Amino acid sequence: MRYISTRGQAPELDFEGVLLAGLATDGGLYVPAQWPQFSAADWRAMRGLPYAEIAFRVIKPFVGGCIPDADLRRMIDEAYATFGHKAVVPLRQIDANDWLLELFHGPTLAFKDVALQLLGRLFDWALARSGRRATIVGATSGDTGSAAIEGCRGRANLDIFILFPHGRVSDVQRRQMTTVPDANVHAIALEGTFDDAQAMVKALFNDAGFRNAAGLTAVNSINWARVMAQIVYYVTASLSLGGPERAPAFCVPSGNFGDIFAGYCAARMGLPIAKLIVATNRNDILARFFETGEYRKDGVNPTISPSMDIQVASNFERLLFDMHGRDAAQVRKLMGELDSAGGFTVSANALAETKRLFAAGRADEKTTKAMLKTAFAASNGQLVDPHTAVGLAVAAEQRTKAGLPPDTPLVTLATADAAKFPAAVEEATGQHPALPPRMADLFERPERQTVLPNDVAGVRAFIESRRVKA
Ligand SMILES: *Cc1c(COP(=O)(O)O)cnc(C)c1O
């Protein structure tokens, strides 16, 4: 399998190349040169198989011979053995034709574990093969940092440094980063805001000498391997609900468009999907796009679903590329307008074509809180998290608005455990969401973190002193 850049001016790479590269050198995102095709018989043959076996079959064509089958299978088995549910991503029925796909049974209780548990292992494998080490550096406002740490802890060929704003992440989020004992994990509490932490990471990457010497790498959401790993649960959910003979719809709480783009990939691979519904909070650049065809930046408003508080959706460029017949020149032009003028508009044709598969909606804070309550009342005491509540609210509205036949199974992706956002959940429902038993001692585990001033030279020196030299 070859990978091409959405901007058409970066070298074509194989899977190992895109895994380690992340962003393409022309500023674009890597996508597969062709979509692997699965027939109805191929899908049927996966029915009833364990999650890891389906993952292996779905992922194998994307890896395209770069990784020996036995190694790939072992990494997949290990990645999903860390999940606290035998089904890995169980489906829970919540109404006659409505379902929740629980993606939060991984080590950090949010869906990012599905991708990052595999990504850390793939990275380590690729580094070992080329005899290299890497230093992963990232900034987090909460969720991604802990999932990246869990995916990379104890890996032989990498060190991971995660910066978070000191005193500005929740206790659960901080402890998920600071209680991991592995020596290659470094949690840095930066004296500043999340924006300061992000600017710090940017400054470190812009220091070419340091970047090359330390082998700096990011594991952000534009990495193709993260999207790839997420395709699998669209397949398992569909097969459980009668696919490929029946086509379910999916409603996806969205921020950077990585999760729902994986659903699009599944559709392009031949999986019957009735509709992909983008659910946003009040940071609604995506919902506005699907209504008007205009993609325009706006400020970021903080919400109780913080992992969806984004200004632009970094993976959207991948859809834009396909929407324009894979014309990289067109993508360069539109992304240039986004930079220079803050937005762009696609043609009515391109929008209409895209809306055959996609629909979108938004939920404001009031609607989200009301849904937290409604979902709790309707479920025999099962709480959902605020991101999932955004999804449920939009799903309820779009079942009719998007014209889904009433017997279409509608699956809302449950992207986090309620226990990850206890303050918002308790405020809306009066119920305190308990941590799952395997994490019940989180508040007793010893913490290890380094508080550093917001100073590039100091942070760089800290990383230099702690990373293991090859
Ligand atoms: C990251 C995240 C999202 C958004 O996913 P994208 O792939 O960025 O669209 C939604 N919910 C939770 C809990 C998340 O952590």
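Since the model is a prediction, treat every value here as computed from it, not as a measurement. Note that ligands are numbered from 1 as they come in the structure, with each ligand's atoms numbered from 1 the same way. Only this structure's heavy atoms are used, side chains among them; waters, hydrogens and symmetry mates stay out.
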Any pair counted as salt bridge (Lys or Arg N to Asp or Glu O under 4.0 Å), so long as it reaches residues 192-201, sequence neighbours left out: none
N/O donor to acceptor pairs below 3.5 angstrom from side-chain atoms of residues 434-443, sequence neighbours left out:
residue	atom	partner	partner atom	Å
Arg438	NH2	His105	O	2.7
Arg438	NH2	Gly106	O	2.8
Asp441	OD1	Arg445	NE	2.9
Asp441	OD1	Arg445	NH2	2.7

Asp385 side chain vs Thr388 backbone, donor-acceptor pair below 3.5 Å: yes
Partners meeting salt bridge (Lys or Arg N to Asp or Glu O under 4.0 Å) with Glu353 (sequence neighbours left out): Arg356
Under a 3.5 Å threshold, I'd like every N/O contact between ligand 1 and protein atoms, with atom names and distance.
residue	atom	partner	partner atom	Å
ligand 1	7 (O)	Gly258	N	3.2
ligand 1	7 (O)	Asp259	N	2.9
ligand 1	8 (O)	Asn256	N	2.7
ligand 1	9 (O)	Gly255	N	2.8
ligand 1	9 (O)	Asn256	N	3.3
ligand 1	9 (O)	Phe257	N	3.0
ligand 1	11 (N)	Thr415	OG1	2.9
ligand 1	15 (O)	Lys112	NZ	2.5
ligand 1	15 (O)	Asp143	OD2	2.8

Aromatic contact, Phe38 with Trp43 (centres under 6.0 Å): yes
Lys/Arg-Asp/Glu bridge criterion (N-O < 4.0 Å) met for Arg7, Asp26: no
